S.K.: 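What follows is a structure written as C-alpha cells; I'll ask about it next.
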Amino acid sequence: MKEKKEKESAKSVIINSVDRSIDILEYLFRQGNDTSISQISKDLDIYKSTVFRTLATLENRGYVVQNKNSDQYSIGPKLYAYSTLPHNDIITESVRPLLQEISDAYGECVTYGILEQEWDGMYANVPLITIESTHNLGLSRKISNQTECYCASLGKCLLAFSENVNLDVYKDAEFTPFTEHTITNYEDLMKELEQVRYQGYAVDAEEREIGLYCLGVPVLNGHGNAVAAISISGPKSRVKGEHFEEKITLMKEVSARITREVYL
C-alpha cells in the first residue's frame, strides 16, 4: 500500500512539458536520422504545435538540430558530447593512461576534448583531460583551454567528423583573426575540413598564436563519427619538426585504442 501511494505521489509531480521533451529526445535517438515534425507528432501522438515548441526549445539549447534543407530534426551534438563525459571515472581510468603514452613520448601538452554548440550556434571544443607539457617552454593553460573550433586542431577534427554538425552556421559567422594564419571565412574552413577528412588529422599552424603548433586526431565511435578528439600542442619547432609523421601514427593508434576500450 505504501509503495502504491509513493508511485502515485511521484506521478502527481511530473512536469508534462519535461516528460514530452524526454519522449521526443528518446524518439529521435531511436530514429537515428532526420525526422519531420509531422512524423514525430503522428508517432508520439502529440499535437504538432507542441512538438514544434518543444523542438524549438531543445534546438535553442543545442540538444537537437534542424536540417535547414529539409526542416527535419535530429539529435544535436551537445547531447552526444554530454554522453562522453567522465561518468564513473570511465574517461579518467581508461583514457588518461593512453594519453600519457603520447605525453611520455614527446613531452608536449596533450588534450582530450569534446564538441559543444554555443548559444550563438557556433561550435566550441571543450577540454576534458589535459596533461601538461614536461618541457620548460611548454604550452600555457590559457591557450590549451581555448575553445574556437575553426582555429584549433582538436576543434577541426570535431567539426570534420562529428555527426549532426550544422556547418552552415559559419556562412555568416564573424571569424576572429587571431594571427595572419587564422581561417577567416566559410569557404576556407570548408576546404580545411575536407582536407582533415582526407588525411585523418588536423593541424593548427600558428592560427591561434604565432609560434604555437597543434596536431589533432579524432576519436571515433563504432559508426565512424567523432565523439572526442586528441591534440598535442607546443612550439612549432618541436611539434612540426622531428618525427612529425611518427606523432601522427602514434596519436591515431591511441585514438583507435580509446575507441575499442571506451566507445565500442
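Because the structure is a prediction, the values reported are computed rather than measured. The figures that follow rest on heavy atoms only: side chains count, while hydrogens, waters and symmetry mates do not.
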S.K.: Of all heavy-atom pairs between E148 and A152, which one has the smallest distance, and what is that distance?
M.R.: O-CB, 3.4 Å

S.K.: For Y27 and D43, does a side-chain donor sit closer than 3.5 Å to a side-chain acceptor?
M.R.: yes

S.K.: Measure from the side-chain N and O atoms of K156 to the backbone N and O of V203, and report whether any donor-acceptor pair falls under 3.5 Å.
M.R.: yes

S.K.: Any non-hydrogen side-chain atom of V262 less than 4.5 Å from a side-chain atom of V95?
M.R.: yes

S.K.: Please report the shortest heavy-atom distance between F175 and L189, naming the atom on each side.
M.R.: CE2-CD2, 4.2 Å

S.K.: Test your reading of the model: is there a side-chain donor-acceptor pair from S162 to the backbone of L159, 3.5 Å cut-off?
M.R.: no

S.K.: Does atom NZ (K240) have a neighbourhood of more than 12 heavy atoms from anything else shown, all under 6.0 Å?
M.R.: no

S.K.: Would you check, one step at a time, whether the test side-chain contact (heavy atoms from CB on, under 4.5 Å) holds for E108 with H135?
M.R.: CA-CA 7 Å; E108 304 297 353; H135 295 288; 3.7 Å; yes

S.K.: Go through the steps to decide whether T259 and V219 satisfy the test side-chain contact (heavy atoms from CB on, under 4.5 Å), and finish with yes or no.
M.R.: CA-CA 6 Å; T259 296; V219 176; 3.9 Å; yes

S.K.: Do the non-hydrogen side-chain atoms of I129 and P127 ever get within less than 4.5 Å of each other?
M.R.: no

S.K.: Run the side-chain contact (heavy atoms from CB on, under 4.5 Å) check on L212 and E206 step by step: do they pass?
M.R.: CA-CA 5 Å; L212 176 67; E206 300 182 282; 5.8 Å; no

S.K.: Report the relative orientation of the aromatic rings in F178 and Y150; use parallel for angles under 30°, tilted for 30 to 60°, perpendicular for over 60°.
M.R.: parallel

S.K.: Using a strict threshold of under 4.0 Å (side-chain N to carboxylate O), is an ion pair present between D23 and R20?
M.R.: no

S.K.: Are F244 and I230 connected in the hydrophobic side-chain network, where two residues link if heavy atoms are under 4.5 Å apart?
M.R.: yes

S.K.: Apply side-chain contact (heavy atoms from CB on, under 4.5 Å) to F161 and V196, showing your working.
M.R.: CA-CA 9 Å; F161 290 97; V196 171; 3.8 Å; yes

S.K.: Roughly how far, to the nearest 0.5 Å, is CD of E26 from CZ of F29?
M.R.: 10.0 Å

S.K.: Could you report the tightest heavy-atom contact between H181 and A205, atom names first, then the distance?
M.R.: CB-O, 3.5 Å

S.K.: Does D172 CG have over 12 foreign heavy atoms under 6.0 Å away?
M.R.: no

S.K.: How long is the span from the CD atom in Q199 to the CD1 atom in I248, to the nearest 0.5 Å?
M.R.: 7.0 Å

S.K.: Considering only heavy atoms from C-beta outward, does the side chain of M190 approach that of L167 to under 4.5 Å?
M.R.: yes

S.K.: Do you know the tightest heavy-atom contact between C149 and L115?
M.R.: SG-CD1, 3.7 Å

S.K.: Got a second to check how far I24's CD1 is from T57's OG1, nearest 0.5 Å?
M.R.: 9.5 Å

S.K.: So which atom in L193 and which in A160 form the shortest heavy-atom distance, rounded to 0.1 Å?
M.R.: O-CB, 4.0 Å

S.K.: Could you tell me whether a side-chain N or O of N221 sits under 3.5 Å from a main-chain N or O of N225, the two making a donor and an acceptor?
M.R.: yes

S.K.: Under a 3.5 Å threshold, yes or no: a donor from one side chain and an acceptor from the other, between D19 and N16?
M.R.: no

S.K.: Do Y123 and V165 come within less than 4.5 Å of each other through their side chains, counting heavy atoms only?
M.R.: yes

S.K.: Keeping the roles fixed (side chain from S41, backbone from I46), state whether a donor-acceptor pair exists under 3.5 Å.
M.R.: yes

S.K.: What is the distance from atom CG of N125 to atom CG of L154, rounded to the nearest 0.5 Å?
M.R.: 5.0 Å

S.K.: How many angstroms lie between atom OH of Y201 and atom OG of S153, to the nearest 0.5 angstrom?
M.R.: 11.5 Å

S.K.: Would you name the heavy atoms of G107 and S133 that are closest together and state the gap between them?
M.R.: O-OG, 2.9 Å

S.K.: Checking K247 against Y106: charged group under 6.0 Å from the ring centre and within 45 degrees of the axis?
M.R.: yes

S.K.: Taking 4.0 angstrom as the limit, do R96 and E101 come out as a salt bridge?
M.R.: no

S.K.: Could you tell me if the side chain of T130 sits less than 4.5 Å from the side chain of Y112, heavy atoms only?
M.R.: no

S.K.: Any side-chain heavy-atom pair from E207 and I183 closer than 4.5 angstrom?
M.R.: yes

S.K.: Are I210 and V239 co-members of a hydrophobic cluster defined by side-chain heavy atoms under 4.5 Å apart?
M.R.: no

S.K.: Judged by atom type as modelled, is there a donor-acceptor pair below 3.5 Å linking the side chain of T182 to the main-chain atoms of T184?
M.R.: no

S.K.: Between E194 and K191, is there a side-chain N and carboxylate O pair less than 4.0 Å apart?
M.R.: no

S.K.: Is there a side-chain contact between T35 and Q72 in this structure, where contact means two heavy atoms from C-beta onward sitting under 4.5 Å apart?
M.R.: no

S.K.: Enter the distance from S38:OG to K48:NZ here, rounded to the nearest 0.5 Å.
M.R.: 3.5 Å

S.K.: Looking at side-chain heavy atoms only, is the closest gap between C109 and I131 below 4.5 Å?
M.R.: no

